Amino acid sequence: MLGRLSLAAIPFDQPIVMITVGTIGVVLFAVLALVTVKGWWPYLWREWITSVDHKRIGVMYMIVALVMLVRGFADAIMMRTQLALAAGHAQGYLPPEHYDQIFSAHGTIMIFFVAMPFVIGLMNFAVPLQLGVRDVAFPVLNSVSFWLTAAGVLLVNLSLFVGEFARTGWLAYPPLSELAYSPGVGVDYYLWSLQISGLGTLLSGINLTTTILKLRAPGMGYSRMPVFCWTALASNLLIVAAFPVLTATFAMLLLDRYCDFHFFTNDLGGNPMMYINLIWIWGHPEVYILILPAFGVFSEVVATFSGKPLFGYRSMVLATMAICVLSFMVWLHHFFTMGAGADVNAFFGVMTMIIAVPTGVKVFNWLFTLYGGRVRFSVPMYWTIGFIVTFVIGGMTGVLMAIPPADFVLHNSLFLIAHFHNTAIGGVVFGVMAGYSYWFPKAFGFKLNERIGKAIFWCWFIGFYLAFMPLYALGLMGATRRMQHYPDLHWQPLMLVALAGAVCIFLGIILTGVQLAVSIRARARNLDLTGDPWDGRTLEWSTPSPPPAWNFTHLPHVERRDAHWVAKQAPKPSITPKPDRAVGPIHVPRNTPIGVFVAFFTAILGFALIWRIDWLAVIGLVGVLAVGLWHVWQTDREMVIAPDEVTEFERRNVKEAA
């Protein structure tokens, strides 16, 4: 009746896992108890859980990302501690099978459930505001996208204490991920959690692409869009093009495991190399799906805190779209050593070097924007300057690895791990943290504590260099990745330095929570009453902080780039609202629980398929279909904000600002 599920699936014999599960259970129980005692459930259900407001959905994406950052970084600390201890005859504290699950979960969580939700959350929050529109193109679909991601998060965390996670690495290469070599449920947890969250990501990509192409404010042509919107467009075009490949690849591997197909097996006509080609046809565009929005954040921050327009707007846009196209022409550099031949390797090596050119253009544009400006060194600017320094190093090591003979030496070594984290942390993490601190006052109406914010930056910046520069050296010394133990005692001092760096980063993560708590307690002193705390340039800063559900009472008319900055420079009478300007009723989408219900039944379906519980899978599938049909028959999908309510909000906002 329960398929493969039994009490044996709970790892009672692993104290580390059980202590972790107990800690998570206590924290979760405490949070639920607090919400219940305070009577917050109606508010959370009405204002957040069932919300289709793009701003709230964006914030929820980022909350999930921050929570999963703690989960994923705990794995990193465990790995670094193991490698600091397991030298020579010492075996460390993690057995090989547990260590394999940890490094597989770490990569999976950090890419799919930290970086992706954070980037999508920033785009969800900022893009409609920057475009001067009231919401995304498909608000209900936006809610479904988020809750499908949350369902994937739930499944990947369930693997911690019911069953196991994959021991295959974060890309689950066959034949190791085939049923013959991974007969347990670990690979199934991996595949179903990523299929479900990947579907949510694909729907979000379609939604944001449509929003940018079809819902801009009057007068906002493509040449007047903020650069963040351009990078969001490029990122979401890549999502639409690349994520179906990932879905199809995982579907074929699932058919191999569930239905005895042989797409990627070693026999009966299968070919494991086909999986590796397909996964990297998705995987390298994925790198740019993550980094392009971060580039957009840095562009906004540099222009705002330099007090001048972004240098080379057109070249920045062209570089963004060039990266978008070229990202599909470099995937094979991930497996130069696998026998493709000299001609093929040379082509992909050259293309990898070429794609570095538009990135270099961006770096020079940011530097020229800073040059001659009155730079204000606030927290977002710290992250930006730290990014420029760090990412250039990562880019240079990437160009080095684009040379096939060099890659033959460095492939599968810790040098590769250092390079990847150089770009992932120095680029993506620094970018989302810059965006988080930059748009936080817009989302919540008060600034984050600057002093603690700078301490967080220094923890990440110093911690990164301590944690990963030693790995470059270790890679050149012959240390390979995915090793649980090593015999060479000469490597241990560098492993200890890397552990110190990881601890420093972990301190930065702890300080992020401290900063949030301190900022909330002191929010009365840091209120943003103007809606424009940074003296910004784009349209989101023309709205109150936080913006109302309808974003703009009157949709702005855009005549030039940096529309808000232009309006601020105009004579006062031209930007003073006319008292006789009528406010009409505003239509906004009505909240709906469909996203929660779809995710609930999808999670049931995924769990049932992982454990082969047929009757539960039927319930999950029927539930998803029933919720979809119920939504189709709903006709009352909008609510009207009365003119009096809008006028009262505007009057109250003007009074507070004064």
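None of the values given here were measured: they were computed from a predicted structure.
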Aromatic contact, [X] with [Y] (centres under 6.0 Å):
X: Tyr382; Y: Phe305; result: no
X: Tyr472; Y: Phe468; result: no
X: Trp460; Y: Phe457; result: no
X: Phe311; Y: Phe368; result: yes
X: Trp331; Y: Phe348; result: yes
X: Phe430; Y: Phe298; result: no
X: Trp366; Y: Phe387; result: yes
X: Phe146; Y: Tyr61; result: yes

Determine the minimum heavy-atom distance between [X] and [Y], stating which atoms define it.
X: Leu511; Y: Ala455; answer: CD1-CB, 4.1 Å
X: Leu148; Y: Leu203; answer: CD1-CD1, 4.1 Å
X: Asp256; Y: Phe263; answer: OD1-N, 2.8 Å

Checklist entry - Cation over ring, Arg216 on Tyr222, under 6.0 Å and within 45°? => result yes
Next on the checklist: Walk me through whether Phe228 and Trp439 qualify under ring pair (Phe, Tyr, Trp, His ring centres under 6.0 Å).
Outcome noted: CA-CA 13 Å; Phe228 182 74; Trp439 281 307; 5.1 Å; yes
List the residues meeting side chain to side chain donor-acceptor pair (under 3.5 Å) with [X], not counting sequence neighbours, and say none if there are none.
X: Thr320; value: Lys362
X: Asn345; value: none
X: Asp75; value: Arg71
X: Asn207; value: none

Checklist entry - Checking side chain to side chain contact (heavy atoms under 4.5 Å, CB included) for the pair Thr249/Tyr275: CA distance, chi angles, key distance, verdict? => result CA-CA 7 Å; Thr249 305; Tyr275 178 95; 3.5 Å; yes
In Å and rounded to the nearest 0.5 Å, what is the [atom1] to [atom2] distance from [X] to [Y]?
X: Ser306; Y: Arg376; atom1: OG; atom2: CZ; result: 8.5 Å
X: Arg481; Y: Leu416; atom1: CZ; atom2: CG; result: 5.0 Å
X: Ile403; Y: Thr352; atom1: CD1; atom2: OG1; result: 10.5 Å

Can I get a per-line list of side-chain donor-acceptor pairs under 3.5 Å for residues 280-289, giving both atom names and the distance, sequence neighbours left out?
residue: Trp280; atom: NE1; partner: Tyr173; partner atom: OH; Å: 2.6
residue: His284; atom: ND1; partner: His333; partner atom: NE2; Å: 3.2
residue: His284; atom: ND1; partner: His334; partner atom: NE2; Å: 2.8

Checklist entry - What residues, two or more places apart in sequence or in another chain, satisfy salt bridge (charged side-chain N to carboxylate O under 4.0 Å, His left out) together with Asp562? => result Arg537
Item to check | Side-chain donor-acceptor contact under 3.5 Å, Trp230 with Tyr313 | outcome: yes
Next on the checklist: If you count every heavy atom of other residues, nucleotides or ligands that lies below 6.0 Å from Phe408 atom CZ, does the total exceed 12?
Outcome noted: yes
Next on the checklist: Working note: Asn365 + Ser315, criterion side chain to side chain donor-acceptor pair (under 3.5 Å); need CA distance, chi angles, decisive distance, verdict.
Outcome noted: CA-CA 8 Å; Asn365 282 356; Ser315 63; 3.0 Å; yes
